[in-house]
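Structure, as structure tokens:
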Protein chains: 2
Amino acid sequence: MAIDRDTVLTAAVEVLSRNPTAHLDEIARAAGISRASLHRVFPGREALVREVGLLALRRYHDALDAADLERGEADAVLRRLVELLVPDAALCAFLAGENHLFDDPELLLLWEEQGARVRAFFLRGQQQGAFRIELPAGWLAEAFFDLLAGVGWAVQDGRLAPRDSAFALIELFLGGALRRPS
Amino acid sequence: MAIDRDTVLTAAVEVLSRNPTAHLDEIARAAGISRASLHRVFPGREALVREVGLLALRRYHDALDAADLERGEADAVLRRLVELLVPDAALCAFLAGENHLFDDPELLLLWEEQGARVRAFFLRGQQQGAFRIELPAGWLAEAFFDLLAGVGWAVQDGRLAPRDSAFALIELFLGGALRRPS
DNA sequence: CTCAGCTGAGACATCCGTGTCTCAGCTGAG
DNA sequence: CTCAGCTGAGACACGGATGTCTCAGCTGAG
């Protein structure tokens with residue numbers, strides 16, 4: 001019956017990714033605990049949001065590590081990355097929706113580090129002739145994240161089947177990003 | 001020196017699309033008026049947000065009209081639509097970020113109407129062999145809007161040049177949505 | 001000039017979300 | 001059983017954003 005910190009975080013992601021202004025009552029209810037207990041685990045809204053943000057950025061970071069961005073064809077790397085990221089798409093939706101999350105310098109730093117890694121990956125893919133050079137690498141990186149967050153929202157609201165989501169993201173994005181072989 | 005309603009709305013879009021939880025002070029300052037005057041034009045935050053939402057949905061509706069979704073190749077239609085929508089990308093970013101906007105039944109109805117039109121367009125494009133049928137029409141429609149909002153954010157924050165934005169959106173999205181001629 | 005009308009600055013009341021505390025009830029270990 | 005510890009429900013205080021009002025200053029029409 002001990003309150004599980006991870007359970008609370010998961011519930012918070014569930015609620016906050018849909019509605020970043022949700023009240024603490026709602027998050028507590030989603031986690032199956034009382035507002036008082038929620039406050040015992042996280043000493044306030046700010047702390048909770050920050051904790052969720054850290055979780056999201058860590059997962060994002062770990063996915064970038066696991067995808068091994070430097071190894072193999074850019075095409076294949078991106079497919080690996082999508083498979084790794086799609087299960088955590090809700091976390092990315094949270095990151096996309098929580099606006100003043102990056103007022104925190106530590107979170108901002110983490111965010112920009114991961115962003116730089118993704119941009120560097122797309123730039124490398126362009127230099128190797130895999131990705132189209134007419135589109136700025138920064139835009140490719142940003143659009144990729146936008147679509148990833150979009151997948152998170154669509155899955156949560158039942159507009160996209162979880163099993164289809166990796167395919168939907170990869171096929172749409174890669175089709176637009178890859179150079180035509182012709 | 002009369003307070004221009006449209007000026008206020010424009011300023012509100014500017015601020016709220018970046019930060020949906022911005023205070024009324026900030027919106028008033030962006031519009032160059034006082035909080036008191038803002039409140040004279042719009043009797044409260046709810047009314048203001050609703051008004052911006054109506055504006056955004058009207059523009060979206062008008063763009064869909066002007067693009068003439070039934071006329072011509074799906075490919076060309078989408079290019080027309082992007083050219084029409086990109087100038088109002090910030091409005092779409094606002095729509096994407098303001099979560100409880102669609103608690104209002106009228107706004108919800110408008111939103112779903114436009115969504116249905118876009119989905120129907122993509123479905124038609126699939127039936128005509130222009131768009132890939134492996135991707136659900138609903139996902140194409142949603143991803144298109146996600147990217148449109150993403151363009152709005154990127155332009156506002158200076159990460160994407162306004163003049164490049166239509167090209168960036170069309171090329172990336174269309175590349176992923178079109179069937180390969182091969 | 002004169003005055004009506006509009007605006008901004010500020011003060012004040014109100015509401016809502018949050019932070020904090022208390023206490024009764026439950027649970028599980030001993 | 002007994003008790004320590006945890007939890008939930010509720011009450012209460014606090015702070016911040018908003019709604020409302022007043023009043024002085026400015027502006028432009030007549």
Side-chain angles (χ1 to χ4, degrees), chain A residues 1-56 93-95 97-107, chain B residues 1-56 93-95 97-107:
Chain A
M1 182 142 301
I3 290 180
D4 184 2
R5 193 182 165 86
D6 285 346
T7 302
V8 176
L9 281 177
T10 303
V13 171
E14 180 84 13
V15 173
L16 288 174
S17 59
R18 294 193 211 219
N19 176 17
T21 64
H23 300 190
L24 293 184
D25 304 48
E26 195 179 343
I27 299 172
R29 251 183 290 122
I33 61 177
S34 70
R35 195 167 67 90
S37 291
L38 174 61
H39 195 270
R40 284 179 189 117
V41 183
F42 299 102
R45 182 191 189 83
E46 197 178 351
L48 172 60
V49 170
R50 188 188 141 82
E51 219 48 43
V52 176
L54 269 177
L55 171 66
F94 166 84
L95 288 176
E98 205 71 25
N99 300 85
H100 34 257
L101 188 67
F102 302 125
D103 295 347
D104 184 305
E106 184 185 353
L107 294 184
Chain B
M1 181 143 302
I3 291 180
D4 185 1
R5 193 182 166 86
D6 285 347
T7 303
V8 176
L9 281 177
T10 303
V13 171
E14 180 84 13
V15 174
L16 289 175
S17 60
R18 293 194 213 219
N19 176 18
T21 64
H23 299 189
L24 293 185
D25 304 46
E26 194 179 343
I27 299 172
R29 251 183 290 121
I33 62 178
S34 69
R35 196 166 65 91
S37 291
L38 174 60
H39 195 270
R40 284 179 188 115
V41 184
F42 299 101
R45 181 190 191 85
E46 197 177 351
L48 172 62
V49 170
R50 189 189 139 82
E51 221 44 46
V52 177
L54 268 177
L55 170 66
F94 166 84
L95 288 176
E98 203 73 23
N99 300 85
H100 36 259
L101 189 67
F102 301 127
D103 295 348
D104 185 304
E106 183 185 352
L107 295 182

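Just the heavy atoms: all of them, side chains too, but no hydrogens, waters or symmetry mates, feed the values below. Within every chain, numbering begins at 1; the chains are lettered A, B, ... in the order of the sequence lines, protein sequences first and strands thereafter.
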Point to revise | Spacing of B:Asp4 atom CG and B:Leu9 atom CG [to the nearest 0.5 Å] | key: 9.0 Å
**Study point:** Complementary nucleotide of D:dT18, counting Watson-Crick and G-U pairs under 3.5 Å
**Key:** C:dA13
Check your understanding: Atom CD of B:Glu46 and atom P of C:dC16: how far apart are they, to the nearest Å?
Key -> 12 Å
Check your understanding: To the nearest 0.5 Å, what is the distance between OG1 (A:Thr21) and CZ (A:Arg45)?
Key -> 7.0 Å
Practice item. Output yes when at least one side-chain N/O atom of B:Ser37 is less than 4.0 Å from OP1 or OP2 of C:dT7, else no. Key: no
Practice item. Taking all non-hydrogen atoms of both residues into account, name the closest pair between A:Pro20 and A:Glu98 and its distance. Key: CB-OE1, 3.4 Å
Practice item. In whole angstrom, give the distance that lies between atom CZ of B:Arg29 and atom P of C:dT7. Key: 19 Å
Study note, to complete from the structure: Between B:His39 and A:Ile33, the residue closer to the 5' end of DNA chain D by nearest nucleotide is A:Ile33
Check your understanding: Rounded to whole angstroms, how far apart are CG on A:Leu24 and P on C:dT20?
Key -> 12 Å
Exercise for review: To the nearest Å, give me how far apart CG (B:Asn19) and C1' (D:dA17) are.
Suggested key: 14 Å
Exercise for review: Take the protein atom CD1 of B:Ile27 and the nucleotide atom P of D:dG19, then report the distance between them rounded to whole Å.
Suggested key: 11 Å
Review point. How close or far is atom C1' of C:dT7 from atom CG of B:Leu38, stated in whole angstroms?
Key: 13 Å
Check your understanding: Any donor-acceptor pair under 3.5 Å between the side chain of A:Arg35 and the base of C:dG17?
Key -> no
**Study point:** Distance, rounded to the nearest Å, where B:Phe42 contributes CZ and D:dG19 contributes P
**Key:** 13 Å
Exercise for review: Consider the side chain of B:Arg40, meaning its heavy atoms from C-beta on, and name the nucleotide among C:dT18, C:dT7, D:dT18 that approaches it most closely.
Suggested key: C:dT7
Review point. Counting side-chain heavy atoms from CB outward, which of D:dG8, D:dT18, C:dG8 is closest to B:His23?
Key: D:dT18
Exercise for review: Could you tell me which nucleotide pairs with D:dA4 by Watson-Crick or G-U wobble geometry, both distances under 3.5 Å, or answer none if nothing does?
Suggested key: C:dT27
Check your understanding: Can you tell me how far the CG atom of A:Leu54 sits from the CD atom of A:Glu106, to the nearest 0.5 Å?
Key -> 5.5 Å
Exercise for review: Starting at atom CG of A:Asp25, determine the distance to atom C1' of C:dT18, rounded to an integer number of angstrom.
Suggested key: 9 Å
Check your understanding: What's the spacing between A:Ser34 OG and A:Asp25 CG if we round to 0.5 Å?
Key -> 10.0 Å
Point to revise | Sugar-phosphate only, base, or nothing, as touched by B:Arg45 at under 4.0 Å among non-hydrogen atoms | key: sugar-phosphate
